[in-house]
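See structure below.
Proteins get letters first, then strands, A, B, ... in listed order; numbering begins at 1 in each. Worth knowing before you read on, the calculation uses all heavy atoms, side chains too, and leaves out hydrogens, waters and symmetry mates.
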There are 2 protein chains.
Amino acid sequence: MDVATQTALKPRKKPRQARSEATVEAIVQAVIQVLLSDGAPRLTTTRVAERAGVSVGTLYQYFPHKQALLYAALDRHLEGVAVALEAACAQARGRSASTIVEAIVDAYVAAKTADAAGARALYRVAAELGASELVKATGRRIRAAAEAALSSAADLRLENPRRAVATMLAAISGLVRTVFEEDGGAADWRAARAELTILCRGYLDASARDGPRAEAEPAAAIRGKSPARQIGPGDSP
Amino acid sequence: MDVATQTALKPRKKPRQARSEATVEAIVQAVIQVLLSDGAPRLTTTRVAERAGVSVGTLYQYFPHKQALLYAALDRHLEGVAVALEAACAQARGRSASTIVEAIVDAYVAAKTADAAGARALYRVAAELGASELVKATGRRIRAAAEAALSSAADLRLENPRRAVATMLAAISGLVRTVFEEDGGAADWRAARAELTILCRGYLDASARDGPRAEAEPAAAIRGKSPARQIGPGDSP
DNA sequence: ACCTGAACACCGTTCAAGT
DNA sequence: ACCTGAACACCGTTCAAGT
């Protein structure tokens with residue numbers, strides 16, 4: 001059911017002519033506008049169509065259902081975040097672990113705060129759609145980029161960089177989410193960035209120290225398993 | 001609008017007789033059952049009433065709207081988590097920072113995984129309700145408990161324990177959320193617990209080391225502000 | 001005090017008819 | 001190829017009438 005649902009979220013048909021391409025663009029823009037001006041509960045297919053200057057029928061020609069509209073808006077946002085993270089990671093390659101960590105944290109926070117209103121509105125949307133394939137896929141991209149960058153650090157050798165990156169990014173997203181939920185201002189974002197840098201650096205230090213030798217029973221139990229069983233990417237449901 | 005909305009989410013009237021008390025109980029149970037068996041999208045006021053063995057009218061006598069139903073179910077879950085965390089923190093008082101950290105992580109994960117199906121279903125519900133007062137209030141309780149415990153550690157003196165606790169708990173909830181989203185199994189939960197312990201210990205080490213001296217511009221800028229401007233509790237919207 | 005269920009307004013989705 | 005908008009099924013919420 002899950003994969004089928006996710007697939008169904010994609011646009012119903014590709015626009016073949018310039019006219020319909022503009023229509024789709026207008027609809028997606030309308031979704032974001034209605035989301036920001038009226039809020040998610042008031043986001044109605046009729047209202048979106050009205051704002052986009054088309055009829056409901058047209059809307060349903062390109063999107064199979066209301067969720068697909070939100071999905072499209074979420075897609076835009078996540079694409080932006082992923083691209084920003086990938087760029088930051090590529091640029092930080094080969095520098096010290098400390099620098100790389102800072103670059104990742106900064107890029108993540110910057111990407112989320114650049115379109116703060118949209119990001120906040122979409123946090124709810126993302127949850128309503130469930131932990132969609134889209135969110136997972138974006139997570140995978142970001143983790144891959146971060147792992148590549150961190151593995152390139154000259155002054156750090158992690159036993160399991162994949163897991164370390166998954167842990168760090170989950171922690172980062174947790175803090176970012178909290179600041180959003182608390183309606184944080186610029187000062188809160190600065191503080192979050194500073195704390196996240198300390199957090200990640202401390203974690204990497206500790207991992208490099210404690211990681212290699214099996215510390216307790218659970219860690220050892222997992223170490224024997226295949227990569228698929230890691231916290232990281234969702235290789236399987 | 002926010003506070004008013006949140007207030008309106010509470011039950012409409014207190015049950016005065018034993019009969020109605022049973023009715024409310026039946027309705028809340030029905031919400032959880034429908035949520036688990038039919039899923040959130042199929043959760044209908046009629047369906048809940050039917051499952052509870054009452055009419056829609058009765059349902060609306062105690063809950064002002066559908067969201068209030070979900071709110072009540074979420075309330076149950078969060079209450080359980082908060083109580084568990086408070087107990088764990090109280091019990092760990094006075095022990096080493098390392099032990100306390102472990103206790104907090106373990107209690108958090110245990111509370112969430114004890115009712116994994118319910119917790120997962122409610123993660124979405126919580127988002128649909130927005131970052132409700134309820135979620136924030138529970139966060140405040142947990143942070144307060146954790147701060148009290150950590151401040152009691154003999155081997156640790158943090159400059160800003162409130163912020164440190166807020167950071168740690170946000171990171172923890174981020175990792176927990178990720179494991180849920182990835183549909184993690186028992187091995188993933190064990191791995192998450194281990195990583196979280198390393199993460200938090202490393203963070204506290206680093207905080208105690210780097211914290212006291214102003215490291216960069218942003219940290220210093222915040223340090224001068226009032227406690228209300230911290231990442232932590234949402235003292236104001 | 002508590003409960004019922006038909007009635008109302010509104011929303012998501014479809015489809016026959018148009019250009 | 002693309003668009004329209006009346007029509008349908010269903011859902012949240014109310015309220016006059018019951019016990």
Are any of [X]'s side-chain N or O atoms less than 4.0 Å away from OP1 or OP2 of [N]?
X: A:Thr44; N: C:dC10; result: no
X: A:Ser20; N: D:dC2; result: yes
X: B:Thr58; N: C:dT4; result: yes
X: A:Thr46; N: C:dC11; result: no
X: A:Tyr60; N: C:dT13; result: yes

In whole Å, what is the span from the [atom1] atom of [X] to the [atom2] atom of [N]?
X: A:Lys66; N: C:dG12; atom1: NZ; atom2: C1'; answer: 8 Å
X: B:Arg42; N: D:dC11; atom1: CZ; atom2: P; answer: 10 Å
X: A:Asp38; N: C:dC11; atom1: CG; atom2: P; answer: 11 Å
X: A:Gln67; N: C:dC11; atom1: CD; atom2: C1'; answer: 15 Å
X: B:Phe63; N: D:dT14; atom1: CZ; atom2: P; answer: 15 Å
X: B:Leu43; N: D:dG12; atom1: CG; atom2: C1'; answer: 12 Å
X: B:Leu59; N: D:dC11; atom1: CG; atom2: C1'; answer: 13 Å
X: A:Ile27; N: D:dC3; atom1: CD1; atom2: C1'; answer: 11 Å

(message) Side chain of A:Tyr62, heavy atoms from C-beta onward: which of D:dG12, D:dC3, C:dT14 has the nearest atom to it?
(response) D:dC3
(request) Go through D:dC2, C:dT13, D:dC3 for me and flag the one nearest to the A:Thr23 side chain. (result)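 Nearest to the side chain of A:Thr23 among the choices is D:dC3.
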(request) Using a strict 4.0 Å threshold on nitrogen-to-oxygen distance, state whether B:Arg76 and B:Glu25 make a salt bridge. (result)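 Yes.
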Given 3.5 Å as the limit, does a donor-acceptor pair link the side chain of [X] with the main chain of [Y], or not?
X: B:Thr58; Y: B:Val54; result: no
X: B:Asp188; Y: B:Gly185; result: yes
X: B:Arg143; Y: B:Leu169; result: no
X: A:Lys66; Y: A:Leu43; result: yes

(message) Is the shortest side-chain heavy-atom distance between B:Val83 and B:Arg141 below 4.5 Å?
(response)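 In contact.
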(request) Fill in the dot-bracket string of DNA chain C, one character per base: . for unpaired, | for a pair to another strand, ( ) or [ ] for pairs within the strand, taking Watson-Crick or G-U pairs under 3.5 Å. (result) ||.|||||...|||||.||
(request) Tell me which residues in residues 47-56 of chain B put a heavy atom below 4.0 Å from DNA chain D, sorted by number, or none. (result) B:Arg47, B:Val56
(message) Nearest 0.5 Å, please: how far is CG in A:Leu59 from CD1 in A:Ile27?
(response) 4.5 Å
(message) If I take atom OH from residue B:Tyr108 and atom CG from residue B:Leu196, how far apart are they, to the nearest 0.5 angstrom?
(response)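 So the OH of B:Tyr108 and the CG of B:Leu196 are separated by 10.0 Å.
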(request) Report the C-alpha distance between B:Arg51 and B:Ser37 in whole Å, list the side-chain angles of each, state the deciding distance to 0.1 Å, and finish with yes or no for side-chain hydrogen bond (donor to acceptor under 3.5 Å, both in side chains). (result) CA-CA 11 Å; B:Arg51 190 77 141 246; B:Ser37 65; 2.9 Å; yes
(request) Can you establish whether the number of heavy atoms outside B:Gln91 located under 6.0 Å from its atom CD is more than 12? (result)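 Count not over threshold, so no.
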